[in-house]
Protein chains: 2
Amino acid sequence: MKPTQETLGITLAAAARDASRAFDAALQSAGGSRPVWLVLMALKQHATANQREIAQKVGIQGATLTHHLNAMESSGLLSRRRDPHNRRVHIVELTEAGHAMFLQLLGTVTAFDKRLRDGLDEGDIATLRRLLAVLQHNVGSSAEGTKVPARND
Amino acid sequence: MKPTQETLGITLAAAARDASRAFDAALQSAGGSRPVWLVLMALKQHATANQREIAQKVGIQGATLTHHLNAMESSGLLSRRRDPHNRRVHIVELTEAGHAMFLQLLGTVTAFDKRLRDGLDEGDIATLRRLLAVLQHNVGSSAEGTKVPARND
DNA sequence: TTCTAATCGATTGACATCTAACGATTCGAA
DNA sequence: TTCGAATCGTTAGATGTCAATCGATTAGAA
């Protein structure tokens with residue numbers, strides 16, 4: 001490892017941090033937030049889902065999702081009801097307002113993505129996805145259906 | 001944008017999240033943490049620095065750094081003294097324990113980086129760095145001397 | 001010399017995230 | 001049928017981050 005060069009993890013974290021901050025700022029200007037967007041997106045892909053599935057899809061812990069869902073339910077973006085077949089389970093669904101919020105944020109997300117891609121061709125994008133997937137594989141996760149690794153004490 | 005494909009920002013954030021979690025776990029097992037590592041690294045590169053410089057180097061706000069420095073000073077890893085030429089400024093320096101902690105964590109960091117790079121050749125690494133730098137440029141930041149973008153209300 | 005603006009680091013409060021633990025519910029082996 | 005283990009979502013507390021604000025200090029124009 002060259003002494004003047006950052007480790008790959010630090011480089012990746014810094015790039016992601018900068019991109020995420022800009023993305024967060026864009027979403028906030030559009031009246032949303034990143035967690036809101038991620039939950040909306042998960043529920044757009046699967047119209048009804050339980051919380052465990054959403055948390056897994058989004059890549060966060062159930063406890064974290066509870067907080068986001070509480071806020072989003074209060075805001076009228078989604079509803080939760082007990083599954084009659086298994087009363088431990090919440091079925092989560094978007095409301096009309098939730099669907100509207102998704103559309104509201106979609107423009108922002110698309111514009112941001114376009115901005116992020118500026119100067120990169122499809123080959124670059126594919127390469128980046130491939131390399132990022134390798135990194136994820138190397139730390140023990142796959143890009144889809146990510147399982148949250150336990151943090152050791 | 002293809003409907004079945006994640007936006008680039010989400011892909012990047014997910015990869016970075018997974019890598020960061022693994023990195024955090026590795027550092028924790030070695031008795032440190034990511035903020036500790038980043039501060040140690042910044043102070044290894046510039047033996048004496050003021051807080052603003054460290055915060056900028058690490059890529060976090062001054063308020064955040066204060067908390068980390070408080071903890072690290074309590075742990076004996078570093079010391080702070082007022083600059084006699086400008087009493088607003090703190091000069092931050094590593095202690096012997098701080099230098100020892102750096103070495104302690106260095107092995108972990110190196111091993112983690114090696115793990116991250118598994119299956120990637122030098123060309124891949126260079127490509128990844130280049131592409132990440134493009135992304136950072138596109139969101140308004142450069143990879144070195146990162147300025148933290150303001151979050152709009 | 002005076003005074004305004006800028007700088008520095010700290011404090012406060014809010015947001016997002018995690019772990020550990022919990023109560024309620026369900027599953028499945030005995 | 002019983003009961004221990006597993007699942008589900010929630011709560012509480014801790015960590016890391018940010019913005020806004022503050023008191024102390026300095027710089028520089030008038």
Side-chain angles (χ1 to χ4, degrees), chain A residues 13-14 16-18 20-25 27-29 32-39 49-56 58-75 78-92 146-153, chain B residues 13-14 16-18 20-25 27-28 32-39 49-56 58-75 78 80-92 146-153:
Chain A
R17 183 195 65 219
D18 294 343
S20 294
R21 281 180 186 153
F23 188 45
D24 289 346
L27 285 174
Q28 193 167 31
S29 295
S33 70
R34 189 149 42 120
V36 168
W37 170 250
L38 293 173
V39 171
N50 65 35
Q51 290 186 209
R52 183 181 50 75
E53 288 167 340
I54 300 172
Q56 189 170 51
V58 172
I60 56 176
Q61 295 296 305
T64 308
L65 182 69
T66 296
H67 287 295
H68 296 323
L69 293 187
N70 287 346
M72 289 173 78
E73 190 170 19
S74 295
S75 301
L78 55 83
S79 63
R80 280 179 288 189
R81 57 187 169 91
R82 287 288 171 183
D83 180 349
H85 302 300
N86 183 338
R87 297 195 51 77
R88 295 174 297 182
V89 171
H90 268 150
I91 296 185
V92 186
T146 304
K147 265 214 190 303
V148 182
R151 179 179 290 191
N152 300 331
D153 256 1
Chain B
R17 183 196 64 218
D18 294 344
S20 294
R21 281 178 185 155
F23 189 43
D24 289 346
L27 285 173
Q28 193 167 31
S33 69
R34 190 150 42 121
V36 167
W37 170 251
L38 292 174
V39 171
N50 65 34
Q51 290 185 209
R52 184 181 50 74
E53 289 168 339
I54 299 174
Q56 189 172 50
V58 172
I60 55 178
Q61 295 296 306
T64 309
L65 183 68
T66 297
H67 287 296
H68 296 324
L69 293 187
N70 287 345
M72 289 174 78
E73 190 171 19
S74 295
S75 301
L78 54 86
R80 280 180 288 189
R81 57 187 169 90
R82 286 290 172 183
D83 179 349
H85 302 301
N86 182 342
R87 299 195 51 74
R88 292 174 299 181
V89 170
H90 268 151
I91 297 186
V92 186
T146 303
K147 266 215 190 301
V148 182
R151 180 178 287 189
N152 300 330
D153 254 356

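Any value given below was found using the heavy atoms of this structure, including those in side chains, with hydrogens, waters and symmetry copies removed. Since the structure is predicted, the reported quantities are computational estimates derived from the model, not experimental observations. Protein chains get the first letters and strands the later ones, always in sequence-line order, with residue 1 at the start of each.
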Could you tell me if the side chain of Asn50(A) sits less than 4.5 Å from the side chain of Asn86(A), heavy atoms only? no
If I take atom CG in residue Asp24(A) and atom P in nucleotide dC15(C), what distance separates them, rounded to the nearest angstrom? 14 Å
Applying a 4.0 Å non-hydrogen cut-off, can you work out what Gly62(A) is touching in the nucleic acid: base, sugar-phosphate, or nothing? base
Answer yes or no: does a side-chain N or O of Gln51(B) lie under 4.0 Å from OP1 or OP2 of dA10(C)? yes
Shortest non-hydrogen contact from Arg21(B) to Gly59(A)? NH2-O, 3.0 Å
Side chain of Asn86(B) - closest among dA19(D), dT26(D), dT11(D): dT26(D)
Minimum side-chain heavy-atom gap His68(A)-Ile60(A) below 4.5 Å: yes
Looking at the base of dT7(C), is there any donor atom on it, or on the side chain of Arg88(B), that sits under 3.5 Å from an acceptor on the other one? yes
Measure from CG on Leu65(B) to P on dT15(D) and round the result to the nearest Å. 17 Å
If you check the Ala63(A) side chain, which of dG16(D), dG9(C), dT11(D) turns out closest? dT11(D)
Taking only N and O in the side chain of Thr66(B), is any of them less than 4.0 Å away from OP1 or OP2 of dG9(C)? no
Rounded to the nearest Å, what distance is computed from the CD atom of residue Glu73(B) to the P atom of nucleotide dA10(C)? 9 Å
d(CG, Leu69(A); C1', dT17(C)) in whole Å: 15 Å
Separation of Gln28(B) atom CD from dA14(D) atom C1', in whole Å? 12 Å
So if I take every side-chain heavy atom of Asn70(A) and compare against dT17(C), dG9(D), dT11(D), which nucleotide ends up nearest? dT11(D)
d(CD1, Ile54(B); P, dA10(C)) in whole Å: 11 Å
Please state whether the phosphate of dC18(D), meaning OP1 or OP2, lies under 4.0 angstrom from any side-chain nitrogen or oxygen of Arg21(A). yes
Proximity to the side chain of Arg80(B) - top-ranked nucleotide from dA10(C), dA19(D), dT11(D): dA10(C)
Want to settle it: does Arg82(A) or Thr64(B) sit nearer the 5' end of DNA chain D, counting the closest nucleotide to each? Arg82(A)
Could you state the atom-to-atom distance from CD1 of Ile91(B) to C1' of dT7(C) in whole Å? 16 Å
Please report, rounded to the nearest Å, how far the C1' atom of dC22(C) is from the CD atom of Gln61(A). 16 Å
Look up atom OG in Ser75(A) and atom CE in Met72(A), then write down how far apart they are to the nearest 0.5 Å. 8.0 Å
With DNA chain D as reference, determine whether Arg87(B) or Glu53(A) sits nearer its 5' end, using the nearest nucleotide of each. Glu53(A)
Examine dA10(C): is either OP1 or OP2 under 4.0 Å from a nitrogen or oxygen in the side chain of His90(B)? Give yes or no. yes
With heavy-atom distances below 4.5 Å as the criterion, would you say the side chains of His90(A) and Arg81(A) are in contact? no
Residue pair Pro84(A)/Leu38(A) against DNA chain C: nearer the 5' end by closest nucleotide is Leu38(A)
Report yes if the side chains of Leu27(A) and Val36(A) come closer than 4.5 Å at any heavy-atom pair, otherwise no. no
